[in-house]
There are 2 protein chains.
Amino acid sequence: MFKINDNYQKLPGSYLFSTIAKKVNEYSAANPDKKLIRLGIGDVTQPIAPAIIEALHSAVDEMSKAETFHGYAPDLGYEFLRNAIAENDYKARGCDISADEIFVSDGAKSDSGNIQEIFSEDNRIAVCDPVYPVYVDSNVMAGRTGTYDPATEMWSNVIYMPCVKENNFVPEFPKETPDMIYLCLPNNPTGTTITKAQLQEWVDYANKVGAVIIYDGAYEAYISEDDVAHSIYECEGARTCAIEIKSFSKNAGFTGVRLGYTVVPKELKCGDVSLHAMWARRHGTKFNGAPYIIQRAGEAVYSEAGKAQLKQQVAYYMKNAATIKRGLQEAGYEVFGGVNAPYIWLKTPDQMSSWEFFDYLLEKANVVGTPGSGFGPSGEGYFRLTAFGAYENTLEALERIKAL
Amino acid sequence: MFKINDNYQKLPGSYLFSTIAKKVNEYSAANPDKKLIRLGIGDVTQPIAPAIIEALHSAVDEMSKAETFHGYAPDLGYEFLRNAIAENDYKARGCDISADEIFVSDGAKSDSGNIQEIFSEDNRIAVCDPVYPVYVDSNVMAGRTGTYDPATEMWSNVIYMPCVKENNFVPEFPKETPDMIYLCLPNNPTGTTITKAQLQEWVDYANKVGAVIIYDGAYEAYISEDDVAHSIYECEGARTCAIEIKSFSKNAGFTGVRLGYTVVPKELKCGDVSLHAMWARRHGTKFNGAPYIIQRAGEAVYSEAGKAQLKQQVAYYMKNAATIKRGLQEAGYEVFGGVNAPYIWLKTPDQMSSWEFFDYLLEKANVVGTPGSGFGPSGEGYFRLTAFGAYENTLEALERIKAL
């Protein structure tokens, strides 16, 4: 009789967004006259930029003729896209990353979830707390996390690095030595980040203890401060300890278009074994490339017109972020993030729990956000609002919150 | 110090298509005047059908406006596509599969590689020999296959089911009981298949011994004979033992468009645990949906115009298959497949090895095919030609072979 992967049974239910949806639906049904404003989920709302739309149409036309039709893509991505990424995201910033170290994928979520596969089951992971749930969940499925304690909401074999206002949301080197360190910077959900000098300390630490850093840079396009690294490869020594995962979802609105990439430098090794070769083998065996037309859309992200249009799109969302941040501060809230990321992280007032504040905001202001506790135990007492809504709605939401 | 997944080190090099490419390049360089005809790889050559191109353009336009923009897709696929699949691929054939048992993905290769994750590491797999390499390789990576013997090209913990002319390419129930049985029917690479009655025996066997069948139906659109099942769910009892993986690559030319789906019936359980729920959790954690515009393309596959155009496309390739099969027979070869699949499998003449025949065909007829031994030890002495080329080239290739 076949048996299942028992690790799946250890996963607690994924209640966060379903509980939110349930509460929102119940409230809406009971109050059909109320206009809700949703600043909860991390999905974008602005349409795809004209330069990218043009590239998509053009690629679709290519697929309609035998002479320009494209079948199976190269496993690791088309050269035109890998070159554009290497040139713009790395060489232009002085990072020594070549096109053949870039693996194009269908998105950062897939890569974030799959990357752990090439590592030993015995490795111990460290994560920031609060954190994007995929890192821990994918390691639970692989059997790396030990047992779950519902009381603390923590796994026995995971090293948690609390990021709270007391430490300025800067993760500290853990007491126990991790093998794999997940860092998402700028951070989801807190919207905070660390300086390049602080990141350099993490790179030095990883090289010293022999850990690999899985660096999720999905929110890189929102960085506005000069002393923040746009890539971990801006740090010296990162080529021997870091894998970087990037997304087109937030810088180009590709949440429904699906494109991402992962960089595995050729110097990153375990003994003699190249992780680059392992990830190439994983890609070649379990993935068949991102769609040709989507890779052409990705290329257009780096065109002159594309860059200009996306700069405006990012500015649009960051205007929302500033509106939320200023509005909350005016209303007396303690607020974090929103400067280098499209997320605003607020401390709930009057010792309210994250969920109590969720209910309060839903019922009194008809605004939907995300309870911080849903991202990890250290998120308790915090709350996330996102800048991805329409400007008018964002403005109105803040007027309502200020009027409470 | 972090450690790697050592199972990757067990994988022998993936030499098949790289060795072919190397030999072909060397021959071309030495003989620049020769016009090679490639009937080797399984990639399509016909452009995307007009009804699908129209759907793609229309979906791209939707993405260009805020009112019709689509962000994150539902994890498991858009309802419009899942409904179209359920209606056309299942209900229309009398199969009891509902839309919410269908999981839309970026392709059958991903699903074929990933599906093993939800099963225990202790499970023993059975595969046909020769076979599509992804089934075995993905299980090697997961540590299920034991050790590799280079002499026999077999894994100590894999159950091989030889499919050779002596058994009409029909896999026989293995002596040892497997937990997971991979069946690709119609088969890649042999182009052969089994009758619905024979498939029913496999379903009965799986239910009896408590095995799960992973049924790869990528070539279903090429079935021309009445007694061949288009889905394993045409068999009684399949809902309690079978997962079906389907592709849009071969029926609609989506090799570079990327779309597929997997069916996990709700009755498929291990004790109390639903495999449907496990696969949903896997999808939700490590995948973020197929692109909206690609899912609209998938929907167009099932439109009246799409169906008519794709029927012609399949007929075009099957005319090639018939041309190859007849031509080879006229030239005195022993030939299999090509009736319910776009692959022709031939017995090499004069006891030539697969690679000897590869060289012979390349040098004497300037035709590129695929050595059968590359798909498994029982493929030795066989050779694959594909029907996915242009008709004119296929015709010329056969004239050349006949003239040898």
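Chain A is the first sequence line, chain B the second, and so forth, proteins listed ahead of strands; every chain is numbered from 1. When reading the values below, keep in mind they use all heavy atoms of this one structure, side chains included, and skip hydrogens, waters and symmetry mates.
No hydrogens or angles considered: a donor-acceptor pair under 3.5 Å links the side chains of B/Ser105 and B/Asp111. Using a 3.5 Å distance cut-off with no hydrogens or angles, the side chains of A/Thr255 and A/Asp43 do pair a donor with an acceptor.
When heavy atoms are compared at a cutoff of 4.5 Å, A/His70 approaches chain B solely by way of its backbone atoms N, CA, C and O. Only the backbone of A/Ala290 has a heavy atom closer than 4.5 Å to any heavy atom of chain B. A/Glu62 does not touch chain B: none of its heavy atoms, backbone or side chain, sits under 4.5 Å away. Looking at A/Lys269, the atoms closer than 4.5 Å to chain B (heavy atoms on both sides) all sit in the backbone: N, CA, C or O. Contacts between A/Met63 and chain B at a heavy-atom distance below 4.5 Å involve backbone atoms as well as side-chain atoms.
Put simply, of B/Gln295, B/Gln46, B/Met180, B/Arg282, the one with the most heavy-atom pairs under 4.5 Å next to chain A is B/Arg282. Between chain B and the options A/Gly42, A/Ala73, A/Gly71, A/Gly107, heavy-atom pairs under 4.5 Å are most frequent for A/Gly71. The choice from B/Ala211, B/Gly143, B/Gly253, B/Ala66 that makes the most heavy-atom pairs within less than 4.5 Å of chain A is B/Ala66. Per-residue counts of heavy-atom pairs under 4.5 Å with chain A were compared for B/Ser249, B/Gly289, B/Ser112, B/Ser120; the largest is that of B/Ser120. Chosen from A/Val257, A/Asn288, A/Ile48, A/Asp106, the residue pairing most often with chain B at heavy-atom distances under 4.5 Å is A/Asn288. With chain B as the partner, the residue from A/Pro50, A/Ala49, A/Ala277, A/Ser110 showing the most heavy-atom pairs under 4.5 Å is A/Ser110. For the set B/Glu67, B/Lys109, B/Met1, the count of heavy-atom pairs under 4.5 angstrom toward chain A peaks at B/Lys109. Put simply, of B/Asn7, B/Asp122, B/Leu259, B/Val273, the one with the most heavy-atom pairs under 4.5 Å next to chain A is B/Val273. Ranked by heavy-atom pairs under 4.5 Å with chain B, the list A/Ser138, A/Pro178, A/Cys270 is led by A/Cys270. Among the candidates B/Ile118, B/Ile41, B/Val134, the residue making the largest number of heavy-atom pairs closer than 4.5 Å to chain A is B/Ile118.
In this structure, A/His283 and A/Trp279 have perpendicular ring planes: the angle between them is above 60°, well past the 30° mark. By the 30° and 60° cut-offs, the orientation of the rings of A/Tyr132 relative to A/Tyr135 is perpendicular.
Considering all non-hydrogen atoms of both residues, B/Ala252 and B/Ile52 come closest at CB-CD1, 4.4 Å.
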